Asks: 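This is the structure I have questions about; it appears just below.
Treat the numbers as computed from the prediction; the structure is a model and nothing was measured.
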Amino acid sequence: MQNVIVGTSGHVDHGKTCLIKALSGIDTDRLKEEQKRGITIELGFANLPNDEGLHIGIIDVPGHEKFVKNMLAGIGGIDLVLLVIALDEGIMPQTVEHFEILKMLHIRQGIIVFTKADLVDDDWAELVEEDVSAMVEGSFLEHADRIRVSSYTGQNIPELKRMILDKVRSVGMRRSEPELFRLPIDRVFTMEGFGTVVTGTLLEGSCRAGEEIMLYPDERLIKIRGIQSHGEKEEAAYAGQRTAINLAGVKKEELSRGQVLAAPGTLTDSNFLDVKLTLFKTTERQLKNGDRIHFNYGSAQTIAKAVLLDQESIGAGESAYVQLRFDESLAVKRGDRFIVRFYSPVETFGGGIILDACPGKHKRHQEELIEALKIRETGTDVEVLELILKEESIGFPSAHHLAAKLNWTDSETERLLETLKKQKKALSLNDGNYFHKSFWERVTGKTKELLEAFHRENPIASGMEKEEIKSRLMDAFYLSDPKKGDVLLNELLKRGIITAAGSTVALAGFEAQYSDAHSGMRETMLATYLAAGFEAPSTDDLISQFKDKKQAKQVLNDLFKDGTLVKLNPGAYLHKTHFDRAMELLRNHFNTHDTMSLAEYRDMLGTSRKYVLLILDYLDQQKITKLQGDVRVLLK
């Protein structure tokens, strides 16, 4: 089922509400104050009956200048606009203001509706139409259909209905994947027997009764109790529908216009936005760096500080890259359109498009930043994805994370990531996440730098301990999650940058090399340990013999790692030959005895209590033997 939103726009008292009543039979002035004053203050809604099975919702937005912010809350999600101009008055201030807003929000289709045709003659009507032609020249309404109507007499109302149907048939289907669900809240109320209800235009995606959705910017999960659309109870709602959602477990007072319901994890709260901002050609205002402005997006209205990133000020019809900074967080998406109003006096004077919905805080006049914003604004999908992947690689982004940043579906993002992989610009990881090639080059460059320095200082060591290299890489790339350090090591191993041996890693192709000095140390140590027999020499005494004590420790560690020596404890090593003999004597004793005393083992080894105790403590630690009272038993 195709869902289309038609919105009215135009000056106060030009007949928008009466026009909708003539088209639909519904009076959208629902508030007593509205009916009393004869103007629309809040948003009004109606359905346009038709025989073609189309869901056509009509939004009646306020025209009075004091109510422009409410007008902005409704007009952001429309597919077709009716620009309403009363023939007895012609173009008025809010006509021009609304028209500028429509252009800024990139509304693509519209009909110019001249109301109160029964109050003027043809000559006057033609003069008004000429003025309107001049106003819309060069815009999306330049060649739009036009019609003169009278809501009072019914003149041309059926023809306008047919005109609307002809237009909405060509409106494309909005994306309805559940992961894209997003509904800015424009009304909150309580219904007896149901509880809290919110309404809004479902901009994209879909939702179903019983699902959990997220309230932004609070990031609170809420369950959908029920759904209504077009006055009927529904199991699901789809993009383009005016939707009422009954929420479970939340009070009316906890919700407000400007909040957004969306699929969980698809929006990011932010106090900064990077935007391309353009001033109306008709404005007399300037925007200067540091100015405070009113920011209007969807149903949200807040105040921002405008930091011009590439200029000092802009005037009528001019554009700039701007970072908007907010006191309170908000949740929007890349590509969303917005309107800005002057801080004081409050008047609408421009708008633009969101390029980055969650940037960091920028310095001004940064050439690299401006180039990145240009790509975000005008680049192809692949170019934009590559830029975002570069920026997000430090966080090991998933396709879902990138999709949320770009306002795409997961499948769309995965397809474009495959393109980047074929271009050798993206790497997929074992855990399903991605790196940009440039980030991977930084990782490999840092890894080589660390290991090359280690190998220079430790030429005979087999490599750096895995935990040490992981810790250093995590520090270098500001990673706090040890799992990400493991991912880096696994990728470095998988891609042949490093090799692993036991608990150490080395650069691929590295081989420990002994110099003549190292070889001499090794021979001296071997001779010492062979001559010592079971009487393990003190490690400190052994090392003190050598001038280069650091290298001596490395040679000793190398002898331990290659199995030549057995480490009884850090202060005592035994040559493997003597250790094997000690174990043979142990086994022979336990072949005929259930227990063994220290004295018995001392006699077997033919050495003193001091050295026997070193060996026995080691055997206990390795759970080969166990001390029971004054004797030991064999465990394995």
Asks: Is Glu284 atom CD crowded by more than 12 heavy atoms from other residues, nucleotides or ligands, each under 6.0 Å away?
Replies: no
Asks: Salt bridge check: are Glu235 and Arg208 linked by an N-O gap of less than 4.0 Å?
Replies: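 Judged by the 4.0 Å cut-off on N to carboxylate O distance, Glu235 and Arg208 do not form a salt bridge.
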Asks: Does a side-chain N-to-carboxylate-O contact under 4.0 Å join Asp186 and Arg242?
Replies: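 Yes.
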Asks: Thinking salt bridges, do Lys223 and Glu212 make one under a 4.0 Å N-O criterion?
Replies: no
Asks: Give me the ring orientation class for Phe349 and Phe342: parallel if the planes are under 30° apart, tilted from 30 to 60°, perpendicular past 60°.
Replies: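 Rings of Phe349 and Phe342: perpendicular, as their planes differ by over 60°.
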Asks: Is there a donor-acceptor contact under 3.5 Å linking the side chains of Ser270 and Thr268?
Replies: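 No, no side-chain donor-acceptor pair sits under 3.5 Å.
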Asks: Side chains of Gln311 and Tyr321: donor-acceptor distance under 3.5 Å anywhere?
Replies: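 No - no donor-acceptor pair under 3.5 Å links their side chains.
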Asks: Checking side-chain contact (heavy atoms from CB on, under 4.5 Å) between Ile147 and each of Leu82, Ile112, Leu160, Ile157, which is the one that passes?
Replies: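 That would be Leu160.
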Asks: Within a strict 4.5 Å, meaning less than it, do heavy atoms of the Leu277 and Phe338 side chains meet?
Replies: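 They are in side-chain contact.
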Asks: Quick test of your reading of the model: are Lys288 and Glu312 salt-bridged, counting only N-O distances below 4.0 Å?
Replies: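 A salt bridge is absent here (no side-chain N lies under 4.0 Å from a carboxylate O).
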Asks: Does the pair Arg148/Asp118 count as a salt bridge with the N-to-O cut at 4.0 Å?
Replies: no
Asks: Should the ring pair Phe326 and Phe295 be called parallel, tilted or perpendicular, given that the plane angle runs from 0 to 90° and is split at 30 and 60?
Replies: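 Taking Phe295 first and then Phe326, their aromatic rings stand perpendicular (interplane angle over 60°).
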Asks: Run through Asn50, Val6, Leu48, Asn3 and flag the one making a side-chain contact (heavy atoms from CB on, under 4.5 Å) with Val168.
Replies: Val6
Asks: Below 4.0 angstrom, N of the basic side chain to O of the carboxylate: do Lys281 and Glu100 qualify?
Replies: no
